[in-house]
Amino acid sequence: MMEKNQFLIQFVKKIQSRSNLGLLLSSLIKMSLIGSFLAILVSLTFLFQGFHVPLIYPIVIIGFSILTAIAYSIYKKLSLIDAAKNGDQYFKLKDGLVSAFTFMKEGKSKGVFDLQSDDAYHQITTVNPTSYPLRISSKLLALAVLLLLTTGALLQIDDSPRVKKDRAVAIETNKKSIEIKEELEKKIEDLMKDLDDEEKEKVRKSKLFEMVKKLEAEKSPEKLALKIAKLEKKLKDLMKKNNTKSEEKLLSKLAKELKDKKKLEKMGKALSKKEYKNAQKEMDKLKLDKLKNAKNTKNKKEMKKQMEKRWKDKLDSWKKLSKAMKKSLKASSSKNKSSLSKEFDKFAQSTDKLAKEIDKLEEIDPKDLEEIEKQMQECKACKNQGNKDLDKISKSLKGLSKKKSFYKKMSKLQKSMQQCQSYAMGMQRVLSPGGKKAGAGADAPNRKMQNLHENNDQYTKLKGTKGNGKSFIKVEEASSGTGISSTSGVKQSVKAKKQIEAFIQREEVPSHLKDGVKKYFIDVHGTLEE
Amino acid sequence: MSETVLENKEFAEEKFNEFREKFNKIQSEIARFIVGQEDVVNKVLIAVICGGHALIEGVPGLGKTALVNTLSKAIDVNFNRIQFTPDLLPADLIGTNILLEKNGQKVLEFQKGPVFTNILLADEINRATPKTQSALLQVMQEKIVTVGGKTYQLDMPFFVLATQNPIEMDGTYALPEAQLDRFFFKLNVGLPNMKEFSAILDRTTGVSEPEINSVVHGADIIEMGNIAKHIPIEESVRDYLVKIVRATHPDVENSPETVKKYIRYGASPRAAQAILAGARVNAILNGRYHVSSEDVDEIAVPALRHRILLSFEGEAEKIMPDEITQSILESVN
C-alpha cells in the first residue's frame, strides 16, 4: 500500500515538475517575445535618431521580461492536484489519477477506495511521466529567438556619422569648458592676489567665481559661448561701476585749464599725466588755514587782517581752480556726469560764496566789531565748506587711481574671457603664450588640434576656394586657391565684429534685419557700446 | 445494505463484478428481443438501477412499449401497463375506496390501482389530462399513494417507464415541469439502421418470437442501486458536475451565450442528483471505481434533456435541448 502510494505521489510530482517547467519555459518564451519586441522598439527609437543603442536598455527590458516570466510561473505554479488533473488529461486516465491522489490525501483507503487506487496504480504503471509534454509552442519559440537575434543585430549598429561628429564636438566642448573654467579660475585667483580687500569684496559680490564654476558641465559650443558671454557681461557690469573714463576726461580738461595758471601748474601737470596722487597732494596744499578764535577786540582786528592776508593767495588759487573747473565742466558735455563734476560744482559754489563773504568782511566798518565778528564766522563757515569740497575732490582723485587700477585688472580678465569665448566657438586658442621655457625650444605646438568645422568638415584654419562652401569664415578668410589662413581667431573675431557693425550702420539694410543683429549682440554682450 | 459491507476490498470487488454481471445479463436478455437501441436500453437500466423513472420518446413503432415489456420480463417483478387516454381519471391509476358488504356490513375498502406494481408502463402519458398526470406526482417521487386520508406504500422496486409520441400532438397535454423533473432520464428512441431494421423483421415476423426469461429479481435491482452509491466522486469532478447544472441557468454569470439566449429556466438540483447517480452506475459499467468527468458528460445529456426549458427564442428557432447541453459541456470543459 505504502509503495503504491509513494509511486502515485512520485508520478504526480514528476508531472508537476514537468508542468511547472513547461509553464516556466512557455512564460519565458512569451515574455521574451514581448521584451524583445519592446527592446526592438526602443532600439529603433535610438537608431532613427542616429544613436548607437546603449546595451543597458535591451538588457533591462529583456531582463525585466524574464524576471516577470519567472515571477508569473512561480505565482501560477501548479499544485499536485492540478498536476494530477493534467496527468489524467494527457494520459487519458479518466480522472483516475486525481481521484486516487485526492482519496489518498484524504486518508480513504479501504474497500472501494483501495480498488480505485489499485486501478489507478495499474494504469499509471503503463505510462511514463517523463513523456508528459512541456507544451511549448515551437512557433513562438522560433519567433522569440528571431526577435532576440534582431535585437542583438540592432545593438551592433554604430552611431551615425552625424551623431559621432556631434559627440566628438560635445566631448571637445566639454574638454574646452573644463580648460576654460580652470583657466578663468586661475586668472581670477591671480587677480584676487593683486586686489586689496575692498576690491576683493567687489569681485566676491559680483559672483564671478560661482559663474565660472558652472562652466564645466557644458557640451554645446554655443551654450558654452553664451555662458562665457554672460560671464563677460557680469564682468562688464562690475567694470562699469569702476569706469573712470568720464572722470579722466573731466580731469584732462581741467588739466588743460590749469596749464597756464600760476600756483596751479603742478596740479595741472599731474592731472594731465594722470598722476592723481600728486594732483591730490597739490589740491591738499590749497586748503585754507584754520584761524584761532579771537577773544578781544584787538585780536579780532588782528584776525581780520590775518584772514585777509593769509587766505588771499589761496583764495585766488581757489577762484582760478573753480573757474577752471567750471570751464572744464562746460567743455565736457558728457551725458553721464560723473560724481566728480558735482563736486566741482559744489567747490565752485563754495569758492564763490567765500569770495563774496570776504568781500563783505572788507566792506564792514572796522569799528563795527560785532559785525566783523559775525561776518568772520560766516567766512569760516564758507572756508570750512570749501575745504570740505576740496577734500572730497582730493579723495575722489585718490579713489580714481584705485578705480583705474581695478578697471585695468578687470580689463585683463575681460580679455581672457573674450579669448575663452572665441576658443569655445572653435577659434584658435590664445589664452596663454605658447612655446616652452627659454632654452627648451619648441618642438611641438602648444595648441591643441583644431576640430573639424561642422559646415565643411575642414579644420578651423581653413583650406578652401573663395566663393564656394557653406562657411562664412571660408568666404571671408580664404584666398583663392589653396592655402592656410594665418589670421588668429581673435583677429578674425574682431574683424567679423567690425564687419557686422559696419553692416548694421549701412542705411540700405532693412530695419528688421538691423534689429535682429542688434538683438543678437545685446543678447550676447548685454550692450552694443563696447 | 449497510455502509460497512464494502469496506473489504475483495468483497467490494466481488460485488462490483456481480453488478456488472447482472447488468450484462439483463442487457443480453433484452437484446434477444430488442434490436439495437443499446444506448436507450443502457440508460433505461441505469435509471431503473438508480430508482428513477424514464420518459421514452419516439415516433410510433420504434419499440418503446416493447422495450418496457421486455425489461419487465427480464426482471422478475410485477408489471402493469396503462394506456393513457384523455378520459383516464386519477382513480383509474392509483385506485379508489369501494363500498363493499362484508359480513352483512357495508365497508369502504381500498381497491388498489395499477400503480401498485413494480414496473409501471405509462403508455402515451401525454394523452392523459394534467389532473391524471398529476396523480402520478406523489407516486413517482415518494413511492406512496394517499387515498381517503390513508397512505399506502408501493412495493419496491418501483419504476415508471412512460412513453410519449412527439408528433401526434392533437389531444395531448404536455407534461407539467414538476412531473418532467421527476423523470430520471428522457430517452429518445431513434430510427434503427439498415442492419437493425433487417434484424427486427427477422425476429418479429417469424413463426415464433424469442422468449424472454427473468434473469434478476427486484431485490437484485435494489442491491445494485445500493452498490452503485459506494462509487466515490472526486471533489473536482463533483465541482464540474455542479458547474454543468448551474450553467443551464441563464442568470448564472458563467453560463454560455446559447443558454442566456435560448433557455428560460435551467435544471434543478434533482438533475444534479440524477447525473451523479447515473454517473456512478456508468463508472461501474466502464470498470472504474470512481466517477469521471466522462461519466458525467455521458449522463448529463439524457438527464438534462427534459429539464431545460426553452425560451420563446429557443422554441421559435427550434433549438434542441441536446445542443444546449453540448454547448454547456464544451464551455464548462
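Numbers restart at 1 for each chain; the letters A, B, ... are given by sequence-line order, proteins then strands.
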Visitor: Quick one: are the ring centres of A:Phe46 and A:His52 less than 6.0 Å apart?
Guide: no
Visitor: Salt bridge between A:Lys164 and A:Asp159, side-chain N to carboxylate O under 4.0 Å?
Guide: no
Visitor: A:Asp88 versus chain B, heavy atoms under 4.5 Å apart: side chain, backbone, both or neither?
Guide: neither
Visitor: What part of A:Phe101 lies closer than 4.5 angstrom to a heavy atom of chain B: side chain, backbone, both or neither?
Guide: neither
Visitor: Check the surroundings of atom CZ in A:Phe37: do more than 12 heavy atoms from other residues, nucleotides or ligands lie under 6.0 Å from it?
Guide: no
Visitor: Salt bridge or not between B:Asp295 and B:Arg288? Use side-chain N to carboxylate O under 4.0 Å.
Guide: yes
Visitor: Select, from A:Leu93, A:Asp119, A:Val98, the one with the greatest count of heavy-atom pairs under 4.5 Å involving chain B.
Guide: A:Val98
